[in-house]
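Take a look at the structure set out below.
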Amino acid sequence: MKTFFSFFLFSFIFLVGTLAIVPLVSAACSLGASPLEMSANAKLGQTVEITWNFFNLRGDRPTHVLISKSGGADWEISYSPEAEIKQYEVSGIMQDSFENFAMDKSEIIKIKPEPLPSGKVAYVVHPNSSEGYILVDKQMKILITIPENAEIGKQEEFVFEAIGKCFGETGSVSASLATELKVKITPTTEYMKKEVTTSNLGKKIANLFSGEQIKPVYMISTGITLILLIVFIVLVVLVRRKKIARGIKEEAKILGVSRKKRK
Amino acid sequence: MSKTNHIKPFKAGFKINYTGGIKMKTYLVILASVLLVMGVIGIAYAATTAPVTASVTVTGAASITVNSSTLTFSSMAEGATSAPTENPIGITIDANTGYSVKAKSNAATFTGTSVVNDEQLQWATTLAGTYTGYSTVDATVASGSSPGTTHNLFHKLTIPVDTVAGAYTLGTTLSVTTP
């Protein structure tokens, strides 16, 4: 009886312990990024540098990230760091990974990190802003060069995809994680930049003669002034005519008086 | 002698009172000055009080986390249907904007001896719900706008009849996208 009871107790403890331990062995894989979209104007031949921040918000193992362009024109694009094959020992087995970088779980802090702690390259506001700030370990620099023959004013949209993978699990189906960055670039010219810096007063006067669209309040102000000027000119003309007419009348009166005197 | 009226030239010495004319001239000068000042003020005012539009773009951030990045199936016979050990997969999204979660297969067929199409692997948002086969085209499996939300994704796999015995693998991609 005693033996049976001991065996039962031991089995029960083992079962409960197993059920308690198994859920604690997590295998979370996480991929986060910011920003999600951006835009820029650039001159022909200029290179635009885009900074894309990455973080591992909830993962319990490193996330291996590979960046590629999934949409956009065939412009010259380069990445830093560049993708390469790296080797990792996972549970005693060497595994190859073609990636730009790998990132461990990111640190989250409540207070804005100014200055940045050593080893961190940036910070991102947590998507749930009440959680604080995410310290960024890994940044991707994407360099896009605008070709000399690109069409001025025509916006080009690029889509960059980041694929994240985690090691340590085996199965028939393996899931990668993905997020993307949309970049819009508009080629511009030197002339357009100079026009922006013209003073407001000069621009308004130029607009009056160029026929460009003018805001209603300025048109009303200018219109009233013009109308009053025209009224003024008309008045001047009328007054001068009246003056001349009066002058002639006065002269005729005087001459009429002198004629009477002569008689 | 006939009298003829002829107008003699205007004689100096006769002064015509133009006091009223001088006053009018002064008024007109004053009016002209006022108009000029108004015009200048109008243009200057228009230039200095141009409306300014303040705009700001809030930087977007999004994160996708899965509690398991693999699906493990026990040995299955041809014609059998089975759910993986990891069922459901919990997909947690943290984003400060509206988002969609999409799923697709990375290839049209499993890697293995026989041809097993990716659509043999199916997903659903509830255990008893409608299952949809995977394809290489993104399919929306969930959407939301609140950070920290977990979406469950259930799976099942059907092995076609006449499938040769052996190991079969398939890669899939779960992505978070924003409008």
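Letters go in sequence order (proteins before strands), and every chain restarts at 1.
- The aromatic rings of B/H151 and B/Y99 stand perpendicular to each other, their planes meeting at an angle above 60°, with 30° marking the opposite boundary.
- When heavy atoms are compared at a cutoff of 4.5 Å, B/I91 does not approach chain A at all.
- Using a 4.5 Å cut-off between heavy atoms, B/Y168 touches chain A through its backbone atoms (N, CA, C, O) alone.
- Proximity to chain A (any heavy atom under 4.5 Å) is restricted, for B/T97, to the side chain, taken from C-beta onward.
- Taking chain A as the reference chain and counting heavy-atom pairs below 4.5 Å, the highest number among B/I89, B/D94, B/T169 is found for B/D94.
- In this structure, the ring of B/F73 has its center no less than 6.0 angstrom from the ring center of B/H155.
- When only modelled atom types and interatomic distance are considered, A/E180 and A/S70 share no side-chain donor-acceptor pair under 3.5 Å.
- Separation of atoms CD (B/Q122) and OG1 (B/T158) is listed at 5.5 Å; rounding is to 0.5 Å.
- Of the atoms belonging to A/K182, it is side-chain heavy atoms, and not backbone ones, that fall under 4.5 Å from chain B.
- Contacts between A/T170 and chain B at a heavy-atom distance below 4.5 Å involve the backbone alone (N, CA, C, O).
- Contact tally against chain A (heavy-atom pairs below 4.5 Å) for B/T111, B/T177, B/T173: the top residue is B/T173.
- With values rounded to the nearest 0.5 angstrom, A/F167 atom CZ is found 8.5 Å from A/D96 atom CG.
- With chain B as partner, the option from A/A162, A/S34, A/S176 having the largest number of non-hydrogen pairs under 4.5 angstrom is A/S176.
- Chain B forms the most heavy-atom pairs under 4.5 Å with one residue out of A/L228, A/I134, A/I233, and that residue is A/L228.
- Taking the ring centre of B/Y131 as origin, the terminal cationic atom of B/K156 falls inside the region bounded by 6.0 Å and 45° from the ring axis.
- Across B/A95, B/S105, B/S146, the residue that shares the most heavy-atom pairs under 4.5 angstrom with chain A is B/A95.
- Salt-bridge annotation for A/D137 and A/K120: present, with a side-chain N of the basic residue lying under 4.0 Å from a carboxylate O of the acidic one.
- Between chain B and the options A/T179, A/V125, A/L177, A/L229, heavy-atom pairs under 4.5 Å are most frequent for A/L177.
- Within 6.0 Å of the CD1 atom in A/I85, the count of heavy atoms belonging to other residues, nucleotides or ligands does not exceed 12.
- Of all the listed residues (B/T70, B/L170, B/N96), the one sharing the greatest number of non-hydrogen pairs under 4.5 Å with chain A is B/T70.
- Interface remark: A/F54 contributes no atoms to any contact with chain B (heavy atom separation under 4.5 Å).
- Remark: the B/D118 side chain and the B/T109 side chain contain no N/O donor-acceptor pair separated by less than 3.5 Å.
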